[in-house]
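Following: one structure in structure tokens, then a few remarks.
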Amino acid sequence: MFKPASIPLFSLLLIAGILSVTKNIAQTVHQDKPFKQDYSIKFYANAGTDMQQVAADRNENVQILGKEGLLHPENGRFLYPGNIRADNAYRFMKDKKIVAIATHQNQFVYLTDSFVLSNAWAGTLLSKHTLPKASIFADGNDFSFLISDGKSLQLIKDSKNIWSGNLPDDEVLDIVFQSTANQFWILGSKSLYNLAAGSNALTKAFSGSSFTAFDLANKGKNIVIGTAEGYLLFDINSKKQTGDIYKKLPVNKIAVIKEVNNRIWFGSDEGAFALRADGKFDYYYGERWLPGNRITDIAEGPNNSVLLLTNKGLGQIIFQTMSLEEKAMIFEKQVRQRHIRNGFNASRVNMDHGNVATGYMDDSDNDGLWTSMYLGGEIFRYAVTKDPEALQNCRESLDAMERLYSVTGIPGFPARSFERSGHIKELSDSDRWQHSAEKEWDWKSTTSSDEIIGHIFAFGAMAELVDDPPMKRRAVALIDTVMSHIVKNDFYLIDFDGKPTMWGKWNPEYVNAFPINVGDRKLNSSNIVAMLQTAYHFTKKEKYKAKAFELMNKHGYFENMMRPMKVIGKAPENADEHSKQMSDGWNHSDDEMYFVGYWGLYRYAFNDTLKAKYKQQILDHWEIERPEKEGAWNIFTALTGVKDFDLKEAVWYLQEHPLDLIDWSIKNSHRKDIELLEPNFRRQTTKEVLPPDERQVQRHNANMFSLDREGRNGDAEYSAGDIWLLPYWMGRYLGVISAPQK
């Protein structure tokens, strides 16, 4: 047997001299201070219910004005939608022909065809007006109200008509009151007027066209006016428009505007959006947030929430202060209660319209990979917290992973998954399932390289970081078992039929048959070296080290690994069909395999010379991934000790990720506030990636630039185990995310 050190080619590959690992510069640490996490509580109305306005009072009651009278939401909580029913609390209100609802001094007030009235103040508010078709009103100071039927205006107080008038050559769309200046603002379809409550002088302030909605904003300094083509700002002091019309919005046709808790909210026929401090928007579309997408009203809700009334019900957007660790514990509960199948980390499918009490946990091609990633997160959690619950989670998932190897009856060959027998036709890819020698169990064949690299990552992390001797021994034994199988079979994964699986191939004849710009040549080289290093690190068996150097030196795997990512692209015209099929676009599953493999590649490097080179390889890959702001890839990059690994973007990913992981329809391609790119190899659709809570729920192997997810009706829920908990707990273990800070 040769010794790696005796091969001179290796030193040539590493350029002249021996490189040393540079001393790591202190990495920035995110201090986990509380942030605002948004989520929705939805209330669905019966089909055909006509809902026009919504308001909330000081007692945290919410009322909705429908065509048939007052309504109210009931029994809703996060992930458990409520309903909208008739509000019979004041039974004699049914007799009143209520046409509008608002609040005065945080109490409900109502407009009818004859009165402004309220049940507050012992019912003493009953102010008569003489506009029988009135439908618009706003409260002023001292129980004065300005009322309109769309044509005429009437200012009343204590049933006295203080002033009457109209907008010359315009119709009234809405009215708001500016208390600091004691004046009403009146929006028409093409003009803006103000009425001074003291002098009762009606003055035209601004002219335009296609006005649709408005509200006061910025502490009464501005008026925001919505149009059919965007919105504009009117400065109250100068009586002039500020800047041009704003058209780079998620949706330009504005139906509703309301300032709530110092943020300007816009409603449209395609969802709602709120203006951020950086001039961009938080977009709320689809049933992750709203029962329906056509917004009819917006109001401040209880406890600083925002009420978004839609054509199908009410969405209450809650802003809860929490730390990343508190968010993690919500997700930990989600995984344990709804996503652990036979110890595997699984998706829940066949749900009834987002009802998490329905459906079942599904089998998957990648049960081993998704479980490896969840298991990795729990290993890091235990290493940081020593929480016995985390250790038990590790133990149960290790049981499942270990059984993948025993259920097949093939030495060293793990199944993709296993399930109780008698149901093969009901499982995904039913032709891949085999009967096990274990009574009443079947297992899934054709195991892929995705699975194996995931196994080695999790087993290596467990062997290193879990201070439970039996679990350590089992993890090392599993590493040795699968890697012995691969080495024995000439770097192939051999299935039940004695043939290599489609993707379990690391043999040089297969790997080097790809042109140099086809990603699998680089990927498979990187993965197999990482796996061999991990096996050697924990078993100290020389065969693993020798084979790794043989692949790197004799078969060019080191050169394959170090080839820059910018080289990866489509296969040349003269390439074989398999190579062309494998390079029709950027493969994000490959990214997942690379980064999961980087743990063993970098952490268990044979020597410092290689470690320095591996760091170059990882950073080269990370650089091309940066536009995705992918939380997991940024955190994995941090393991190299590099100072800049986009920590801010990693935290952005973790904070902006929705709590609702249900598969709802998502739409962004219509938005006017995004910059679309020409079709490209990486399939990057926009210049900037959208926040996770505005795009579809997806694992790390999906394209973060996908804009739409159509035809979904809440029939599945993803597990946070691999999607969120892995990058968070790895960040905690690597010390780049702190424990919660007060």
Without hydrogens or angle criteria, can the side chains of [X] and [Y] be said to hold a donor-acceptor pair below 3.5 Å?
X: His423; Y: Glu426; result: yes
X: Asp450; Y: Ser448; result: yes
X: Trp622; Y: Asn634; result: yes
X: Asn345; Y: Ser719; result: yes

Report the residues that fulfil side-chain contact (heavy atoms from CB on, under 4.5 Å) with [X], sequence neighbours left out, ordered by chain and then residue number.
X: Lys280; value: Arg276, Asp278, Glu688
X: Arg712; value: Asp663, Ser665, Arg709, Asp715
X: Ser436; value: Val407, Glu438, Trp441, Trp443
X: Ala720; value: Phe331, Gln334, Val335, Leu661, Trp724

Student check: side-chain heavy atoms of [X] and [Y] closer than 4.5 Å:
X: Thr446; Y: Met502; value: no
X: Arg699; Y: Trp370; value: yes
X: Tyr510; Y: Tyr492; value: yes
X: Arg603; Y: Glu464; value: yes

Problem set entry | Cation-pi geometry met for Arg348 and Tyr360 (6.0 Å, 45°) |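 Verdict for Tyr360: no cation-pi partner in Arg348.
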
For this session: Determine, for Trp586 and Arg682, whether the Lys NZ or Arg CZ falls below 6.0 Å from the six-membered ring centre while staying within 45 degrees of the axis.
Result: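 Yes; both conditions hold, so Arg682 lies above the ring face of Trp586.
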
So does [X] pair up with [Y], basic N to acidic O under 4.0 Å?
X: Lys444; Y: Glu451; result: no
X: Asp367; Y: Arg341; result: yes
X: Asp429; Y: Arg416; result: no
X: Glu550; Y: Lys547; result: yes

Exercise. Do side-chain atoms of Glu630 reach the backbone of Ala632 as a donor and acceptor pair under 3.5 angstrom?
Worked result: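 Side chain of Glu630 to backbone of Ala632, a donor-acceptor pair under 3.5 Å: yes, one is there.
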
Do the ring centers of [X] and [Y] come within less than 6.0 Å of each other?
X: His455; Y: Tyr405; value: yes
X: Tyr598; Y: Tyr614; value: no
X: Tyr536; Y: Tyr604; value: no
X: His537; Y: Tyr544; value: no

Exercise. Can you name the salt bridge (Lys or Arg N to Asp or Glu O under 4.0 Å) partners of Glu577, sequence neighbours left out?
Worked result: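 Listed in chain order: Lys580.
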
Exercise. Asp363 and Ser417: side-chain hydrogen bond (donor to acceptor under 3.5 Å, both in side chains), yes or no, with the steps?
Worked result: CA-CA 7 Å; Asp363 63 282; Ser417 185; 5.8 Å; no

According to the salt bridge (charged side-chain N to carboxylate O under 4.0 Å, His left out) rule, which pairs have a member within [range], sequence neighbours left out?
range: residues 527-541; value: Asp480-Lys541
range: residues 589-598; value: none
range: residues 666-678; value: Glu270-Lys667, Arg671-Asp673, Arg671-Glu694

Exercise. Looking at residues at least two apart in the chain, or sitting in another chain, which of them share a side chain to side chain donor-acceptor pair (under 3.5 Å) with Asp490?
Worked result: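 Residues passing side chain to side chain donor-acceptor pair (under 3.5 Å) with Asp490: Asn507.
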
Problem set entry | All side chain to side chain donor-acceptor pair (under 3.5 Å) counterparts of Thr539, not counting sequence neighbours |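 Listed in chain order: nothing, the list is empty.
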
Exercise. Asn701 and His588: side-chain hydrogen bond (donor to acceptor under 3.5 Å, both in side chains), yes or no, with the steps?
Worked result: CA-CA 5 Å; Asn701 66 334; His588 296 277; over 6 Å; no

Problem set entry | Derivation of the side-chain hydrogen bond (donor to acceptor under 3.5 Å, both in side chains) call for Ser347 and Glu717 | CA-CA 6 Å; Ser347 295; Glu717 183 187 49; over 6 Å; no

Exercise. Got more than 12 heavy atoms from elsewhere within 6.0 Å of NE2, His670?
Worked result: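 Correct, the count exceeds 12.
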
Donor-acceptor pairs are to be reported for all side-chain atoms of residues 515-523 against protein atoms at under 3.5 Å, with residues two or more places apart or in another chain.
{"from": "Asn517", "atom 1": "ND2", "to": "Lys570", "atom 2": "O", "distance (Å)": "2.6"}
{"from": "Arg521", "atom 1": "NE", "to": "Asn512", "atom 2": "OD1", "distance (Å)": "3.4"}
{"from": "Arg521", "atom 1": "NE", "to": "Asn560", "atom 2": "OD1", "distance (Å)": "3.1"}
{"from": "Arg521", "atom 1": "NH1", "to": "Asn512", "atom 2": "O", "distance (Å)": "3.2"}
{"from": "Arg521", "atom 1": "NH1", "to": "Phe514", "atom 2": "O", "distance (Å)": "2.7"}
{"from": "Lys522", "atom 1": "NZ", "to": "Met561", "atom 2": "O", "distance (Å)": "2.4"}
{"from": "Lys522", "atom 1": "NZ", "to": "Arg563", "atom 2": "O", "distance (Å)": "2.7"}

Which pairs would a plain distance check flag for residues 645-658, meaning a side-chain donor or acceptor within less than 3.5 Å of a matching protein atom at least two apart in sequence or in another chain?
{"from": "Asp646", "atom 1": "OD1", "to": "Arg626", "atom 2": "NH2", "distance (Å)": "2.9"}
{"from": "Asp646", "atom 1": "OD2", "to": "Arg626", "atom 2": "NE", "distance (Å)": "2.9"}
{"from": "Tyr653", "atom 1": "OH", "to": "Ile723", "atom 2": "O", "distance (Å)": "3.0"}

Problem set entry | Geometric class of the Tyr594/His621 ring pair [parallel <30°, tilted 30-60°, perpendicular >60°] |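 Perpendicular: the ring planes of His621 and Tyr594 meet at over 60°.
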
